[in-house]
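Inspection log for the structure reproduced underneath, given as structure tokens.
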Amino acid sequence: MLIRAYEERLALMQQNNGVPGTCTSVGQEACAVGVLGALDSRDRIITNHRSAAHLLARGADPGRLMAEVLGRVDGYCGGHSGSLHVSARELGVVLTSTIVGGGLSLAPGVALAQKMGQGEEGGVVVVFFGDGAACEGILHESLNLAVQWQLPLLFVCENNQWQAYVHRLETMADDAIYRWACGHGLDTQRIDGNDSDLVLEAARQAVGAIRADGRPRFLELLTYRQRGHLEPDDLAYVDQVERQRWLKRDPIALMQARLKAEGLLQDKELRTIEEQIHRQTDTAQAFAEASPWPDPQKLLQHVYAG
Amino acid sequence: MLIRAYEERLALMQQNNGVPGTCTSVGQEACAVGVLGALDSRDRIITNHRSAAHLLARGADPGRLMAEVLGRVDGYCGGHSGSLHVSARELGVVLTSTIVGGGLSLAPGVALAQKMGQGEEGGVVVVFFGDGAACEGILHESLNLAVQWQLPLLFVCENNQWQAYVHRLETMADDAIYRWACGHGLDTQRIDGNDSDLVLEAARQAVGAIRADGRPRFLELLTYRQRGHLEPDDLAYVDQVERQRWLKRDPIALMQARLKAEGLLQDKELRTIEEQIHRQTDTAQAFAEASPWPDPQKLLQHVYAG
Amino acid sequence: MSILNVEQAINQALQEEMHRDSRVMVMGEGVAKSRAALLASFGPQRVRNTPLAEAVISGTAVGAAATGLRPVVDLLFAPFLTYAMDALVNSAGKLRYLSGGQHEFPLVTLSMTGAGWCVGAQHNHNLEAMFVHAPGLKVVMPSTPADFKGLIKTAIRDNNPVLVFTDLSLLHASGEVPDETEFLVPLGKAAVSREGTDVTLVSYAKTVNICLESAKQLEEFGISAEVIDLRSLKPLDEETVLRSVRKTGRLVIVQEASGLCGMAAEIAALAVTRAFEALRAPVVRLTGPDAPAAASWVLEQATVPTAGKIVQAVREMLPHAAPVVRQQIVQPA
Amino acid sequence: MSILNVEQAINQALQEEMHRDSRVMVMGEGVAKSRAALLASFGPQRVRNTPLAEAVISGTAVGAAATGLRPVVDLLFAPFLTYAMDALVNSAGKLRYLSGGQHEFPLVTLSMTGAGWCVGAQHNHNLEAMFVHAPGLKVVMPSTPADFKGLIKTAIRDNNPVLVFTDLSLLHASGEVPDETEFLVPLGKAAVSREGTDVTLVSYAKTVNICLESAKQLEEFGISAEVIDLRSLKPLDEETVLRSVRKTGRLVIVQEASGLCGMAAEIAALAVTRAFEALRAPVVRLTGPDAPAAASWVLEQATVPTAGKIVQAVREMLPHAAPVVRQQIVQPA
Ligand SMILES: Cc1ncc(C[n+]2csc(CCOP(=O)(O)OP(=O)(O)O)c2C)c(N)n1
Ligand SMILES: Cc1ncc(C[n+]2csc(CCOP(=O)(O)OP(=O)(O)O)c2C)c(N)n1
Ligand SMILES: [Mg+2]
Ligand SMILES: [Mg+2]
């Protein structure tokens with residue numbers, strides 16, 4: 001499990017480096033791996049513009065994901081989405097909006113459908129959103145509705161310190177998100193989002209609690225966006241002191257160090273895994289680049305349902 | 001001062017009884033009288049659909065107000081507004097939206113203009129809104145902006161237990177509004193909104209503090225909507241036990257009792273005041289009903305500014 | 001057949017569809033009170049009062065629709081849809097396409113608009129055209145109780161988001177409504193409310209009645225007016241409009257909504273792009289002004305197109321139409 | 001005159017107006033970074049980064065405008081305006097009228113749209129028509145750097161809310177821009193970008209360039225096309241359009257936005273209601289489809305009207321137009 005998770009994370013990094021023009025999850029992998037590690041196939045996920053880690057950790061095929069980013073027909077959305085709104089129903093990634101806060105508006109409905117019997121028994125809904133999204137009014141509405149209607153919904157705020165090109169401390173008080181959530185009276189935890197073990201543990205607890213009583217929970221994961229908002233980005237506006245502090249706490253390095261310390265990972269093994277991931281990424285890229293463009297004759301397909 | 005306040009409140013009640021088709025403030029007069037008693041002419045006010053008490057307590061002419069409700073040309077808005085969006089710039093009632101939460105979106109801008117020198121030195125902005133409006137996401141955005149930008153804005157939530165035909169406990173937890181506001185880290189008070197003395201005192205404190213440091217404050221006033229949402233209303237959906245409890249705490253009766261106990265009001269004096277108000281209301285009604293209809297030829301006047 | 005008013009017809013449609021399909025549910029501010037009969041029949045799980053939070057209410061409908069429910073959201077007055085725009089325009093209208101067809105959004109919104117209650121522009125704004133312009137959404141705006149019933153039922157069964165607008169002046173208008181639970185009016189089909197040969201009057205919602213009234217008055221002048229009730233603004237029944245315009249050669253479009261980029265513009269464009277050769281006179285648009293609705297009764301009413309104006313416009317198109325000479329029945333003194 | 005691109009022209013307009021009038025301020029997500037020169041000139045009071053909260057940002061602009069400031073709000077991408085609809089449509093557009101003229105709302109919104117960046121429909125949605133339909137608002141959508149400068153300056157000085165839409169494919173297009181700080185382009189005046197006699201091509205924003213390209217190609221066929229750049233969608237320069245249509249008798253309207261209830265419908269309606277006698281052929285609308293914009297480059301580009309389609313449409317209108325015979329210069333072998 002941990003190894004698999006680690007593998008996905010590294011795959012993700014490699015991959016993101018290779019694909020420009022996306023919002024990468026680099027630095028935030030532990031959030032995705034930890035939370036998704038706590039879920040099973042009954043559960044449904046809603047993500048946003050920064051979705052690669054969520055998708056890969058959920059088992060998405062890197063080739064199809066990359067094909068989507070390139071706008072090719074073998075992408076999860078047939079190239080319609082591009083990188084910003086990838087959803088993959090087959091993986092339980094049921095809705096994705098790139099409108100900041102969009103997922104927060106949709107999530108209570110998915111959870112309501114779950115509660116009203118439209119999903120697998122015991123399923124939980126997870127919505128990922130950023131610290132920026134937490135400033136949108138929809139957070140308030142979504143939390144209040146989830147609490148009042150007792151919806152089986154886990155709110156996961158990846159507080160990566162940045163909101164595009166604005167540092168979050170310019171838009172909110174230091175401990176704002178946690179306090180806002182607490183104000184709604186639901187169980188809230190704020191934890192280190194760069195430690196995948198901690199995240200996994202917290203997510204397991206929260207998901208278990210939701211399965212037990214059907215009520216929403218809230219996790220704030222403190223993490224850091226290591227790369228720019230949207231590739232390519234020169235990071236000229238970034239406080240380098242803060243950045244260096246966080247780079248020292250890189251989630252993958254942390255995990256590798258721990259695994260090695262615990263004797264669960266050898267250098268040789270690590271190299272094997274790295275090579276494997278490298279090949280996997282090559283394959284994905286080859287697949288994506290070989291995938292045909294959508295047919296412009298089918299431009300109007302899927303606008304309306306039959 | 002107290003007498004004046006009382007007078008206005010009573011005028012208000014009489015008047016509201018006489019004008020159907022409006023959202024009355026009956027039962028909530030102490031909120032208006034208390035808060036407006038703490039303001040002076042530098043200050044600006046933003047209100048909502050339930051504005052009669054705010055307007056009259058601010059010194060609005062009952063005749064012009066009633067003319068507006070009737071859609072007549074002598075109304076504060078020339079009959080364009082009707083009862084739902086009355087503003088009266090000359091009284092510092094600068095904006096009014098009947099969209100629930102509309103005032104919360106506009107208020108930070110008025111306070112920003114104040115802060116940036118577009119008002120009288122030391123002026124404070126007050127926005128009145130209901131417990132229903134507190135459920136709209138705009139509350140969250142408005143509070144966060146006011147706190148972050150340090151705006152001279154007093155949020156006044158008149159928690160009258162009702163949101164049109166829905167009791168607020170169906171839409172939020174018991175102590176929700178107070179907790180939500182606290183989550184934003186600004187000074188917040190929750191007080192009995194049926195006691196005009198208490199309200200006045202709290203508003204004075206808050207306004208003084210805002211004048212001193214330029215930062216926002218929040219008051220939640222617990223009160224009760226004694227009449228229906230919109231006249232006429234049979235109140236068939238209302239919990240009579242709760243209503244009776246609140247009727248016993250009618251703000252005007254409370255104040256009269258206190259004034260009498262303190263020897264500041266005699267029965268005779270009260271009767272004189274009542275008669276005076278009765279005449280005033282008669283005059284207002286006569287004025288309003290005599291006021292001409294707007295000229296349909298001028299239908300397009302005021303759509304665009306020159 | 002029963003005689004129902006529009007409000008009753010809407011409730012009957014909801015009642016029948018909720019009975020037919022347990023996935024259908026209704027939510028909105030106060031629906032459990034305003035539609036108490038539904039609450040009594042289907043209970044609080046399926047008839048839900050919501051907090052005052054249109055953005056999340058509509059978003060919730062979208063999310064629920066994508067994952068198995070078929071929600072009907074009552075958003076009360078059309079201007080409140082401004083809070084629901086992200087959910088409706090960006091999510092419901094776009095996420096199916098952006099997902100490459102993975103999701104369906106079978107949801108219905110209800111809201112009211114129109115002059116008649118003196119409530120002013122923040123409650124009265126005919127903004128249906130905004131949603132006609134937005135891709136992925138369907139829009140209906142009926143004029144008769146039967147069409148309300150039939151179209152709402154079809155809308156609930158449709159797998160796309162459908163916005164239903166109700167002119168509030170129609171709420172208490174009654175008419176015959178079929179009792180059958182399978183009475184459905186298809187989306188995308190206009191009704192020829194009255195046949196005629198000289199001029200086509202195209203309209204929807206309350207102004208259909210004004211067109212019918214005008215048609216009656218035009219008869220007096222020997223002018224035969226065809227009245228088309230669009231009913232469904234999107235999908236739009238282009239063929240019915242074009243067939244009529246090709247027959248009459250004259251077109252007047254009547255709506256209460258303001259003109260710029262409204263339905264009347266769309267219909268006029270349709271005629272001049274696809275029935276140009278048949279046109280025998282300039283098309284006429286009679287619409288509300290580019291102004292918010294005032295509350296004052298006289299100003300509010302001044303924005304509604306009248307039969308007088310329609311008759312005048314048509315008579316100017318047909319200056320040689322002869323008034324029908326009726327036999328004068330001389331009353332005995 | 002200087003050669004500036006659109007982005008520079010916008011910033012120059014802001015710089016000049018902020019210099020001229022201390023009440024002008026700019027706010028939005030990241031404006032203090034994206035418009036760093038303004039921050040350097042005017043400081044953080046007047047150039048404000050905001051939280052991610054479009055509803056309150058736009059509401060704040062409306063409130064501030066009513067009480068003495070002249071805010072410019074950068075809302076980034078047009079679809080984010082869905083969060084700002086209450087503030088813009090219900091407050092900015094209506095509260096002046098509802099208050100009987102007590103308030104003015106001198107504010108400007110900036111936002112981007114259009115194909116070219118493969119960002120998909122939640123960033124690329126040409127929804128300007130929604131705001132043209134809404135009363136009390138003005139809308140401009142220029143196509144040249146000079147017009148961006150001149151119109152934004154005028155918009156800032158206007159006492160009404162003005163929405164400025166920028167097609168993002170134009171951002172790096174350069175052109176001559178007058179240096180004068182009093183260079184103003186009036187709202188409500190179209191530009192005749194090219195004169196012609198056989199057909200009128202009406203457009204705005206990026207598709208103006210496509211029309212100009214088409215006009216050049218049409219010359220080859222001996223067809224003289226007049227190209228009108230609306231620039232200002234509301235107020236709309238009806239007279240310039242009508243004058244041209246009355247001259248040429250033929251009208252093609254080109255826009256990237258989807259067709260239903262869009263500007264092209266409005267212009268077609270204008271022609272058939274007010275220049276009917278002059279029309280010699282069916283009007284043609286070439287618009288984006290009734291579909292969200294896909295991200296994939298090929299699908300995205302398939303929604304943009306092309307010169308090829310315009311030329312074809314015009315040639316079908318003028319089937320007898322003779323190709324211009326050019327002298328063949330035989331190259332020595
Ligand atoms: C409503 C809206 N406003 C602005 C944007 C542009 N935008 C995209 S991502 C982003 C930053 C979001 O910050 P956060 O929610 O913290 O997520 P992060 O990117 O940090 O993961 C912005 C401003 C958008 N997509 N939607
Ligand atoms: C956005 C919006 N939603 C719904 C309404 C309809 N409406 C008007 S007042 C009201 C109740 C508001 O409750 P609250 O904010 O508590 O104010 P109160 O009426 O109790 O003073 C409702 C639902 C509206 N005007 N605007
Ligand atoms: Mg962030
Ligand atoms: Mg209330």
Side-chain angles (χ1 to χ4, degrees), chain B residues 21 48-49 67-73 75 77-86 96-102 105 129-140 162-168 170-172 176 229-230 236-237 291-304, chain C residues 27-36 39 44 47-59 74-87 115 117-125 258-260 288-304 306:
Chain B
N48 61 7
H49 57 286
E68 188 56 49
V69 172
L70 300 185
R72 304 303 173 89
V73 83
C77 307
H80 284 206
S81 161
S83 75
L84 292 172
H85 350 61
V86 189
T96 304
S97 172
T98 185
I99 300 293
V100 168
S105 94
F129 60 102
D131 47 297
C135 294
E136 299 278 4
I138 194 72
L139 174 75
H140 177 67
W162 285 98
Q163 306 172 357
Y165 309 102
V166 180
H167 195 279
R168 76 172 184 94
E170 224 183 304
T171 74
M172 59 171 66
H229 170 54
L230 181 76
Y237 54 94
S291 174
W293 292 100
D295 178 0
Q297 297 300 322
K298 294 195 187 145
L299 181 66
L300 298 185
Q301 204 186 2
H302 300 314
V303 178
Y304 296 95
Chain C
M27 57 182 163
E29 292 150 14
V31 285
K33 172 177 181 283
S34 60
R35 306 193 191 278
L39 179 66
V47 181
R48 288 177 173 260
N49 276 347
T50 63
L52 270 160
E54 289 77 3
V56 85
I57 296 168
S58 49
D74 190 341
L75 288 162
L76 306 181
F77 288 89
F80 310 163
L81 288 168
T82 53
Y83 276 164
M85 290 296 268
D86 172 54
W117 284 11
C118 297
V119 281
Q122 290 191 332
H123 283 71
N124 169 14
H125 186 183
S258 60
L260 292 165
D290 176 36
S296 181
W297 173 258
V298 290
L299 298 179
E300 191 194 43
Q301 291 304 312
T303 67
V304 186
T306 59

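Order of the sequence lines fixes the chain letters, A, B, ..., with proteins taken first and strands second; residue numbering starts at 1 for each chain.
When the candidates B:P296, B:G132, B:G82 are compared by the number of heavy-atom contacts under 4.5 Å with chain C, B:G132 comes out ahead. The greatest number of non-hydrogen atom pairs below 4.5 Å with chain C, out of B:G137, B:A133, B:S97, is found for B:S97.
Looking at B:C135 and B:Q163, their side chains come closer than 4.5 Å, going by heavy atoms from C-beta outward. Side chains of C:H123 and B:T98 form a contact here, defined as non-hydrogen atoms less than 4.5 Å apart. No side-chain heavy atom of B:S291 sits less than 4.5 Å from a side-chain heavy atom of B:L70. In this structure, C:V119 and B:L84 have side chains that are in contact, with non-hydrogen atoms separated by less than 4.5 Å.
Using modelled atom types and a 3.5 Å distance limit, the side chains of B:S83 and B:E68 yield no donor-acceptor pair. Counting only N and O atoms by type, the side chains of C:E29 and C:N49 include no donor and acceptor under 3.5 Å apart.
Contact annotation for B:D131: neither backbone nor side-chain heavy atoms come within less than 4.5 Å of a heavy atom of chain C. For C:Y83, the part sitting under 4.5 Å from any heavy atom of chain B is the side chain, from C-beta outward, and nothing else. Proximity to chain B is absent for every atom of C:V56, based on heavy atoms less than 4.5 angstrom apart. Heavy atoms closer than 4.5 Å to chain B are found nowhere in C:S34, neither backbone nor side chain. For a residue to count as touching a neighbouring chain, one of its non-hydrogen atoms must lie under 4.5 Å from one of that chain's; by this rule C:A291 touches chain B with backbone and side chain alike. Both the backbone and the side chain of B:E136 come within less than 4.5 Å of a heavy atom in chain C. Contact annotation for B:I99: both backbone and side-chain heavy atoms come within less than 4.5 Å of a heavy atom of chain C.
For B:Y165, the ring pair (Phe, Tyr, Trp, His ring centres under 6.0 Å) test picks out B:H229, B:Y237, with sequence neighbours left out. In this structure B:H85 satisfies the ring pair (Phe, Tyr, Trp, His ring centres under 6.0 Å) test with no other residue, sequence neighbours excluded. Residues that satisfy the salt bridge (Lys or Arg N to Asp or Glu O under 4.0 Å) test with C:R48, not counting sequence neighbours, are absent from this structure.
For the pair B:R168 and B:W162, the cation does not sit on the ring face, since its NZ or CZ is not both under 6.0 Å from the ring centre and inside 45° of the axis.
Proximity to chain B at a heavy-atom threshold of 4.5 Å picks out C:P292, C:A294, C:A295, C:S296, C:W297, C:V298, C:L299, C:A302, C:T303 from residues 292-303 of chain C, in numerical order.
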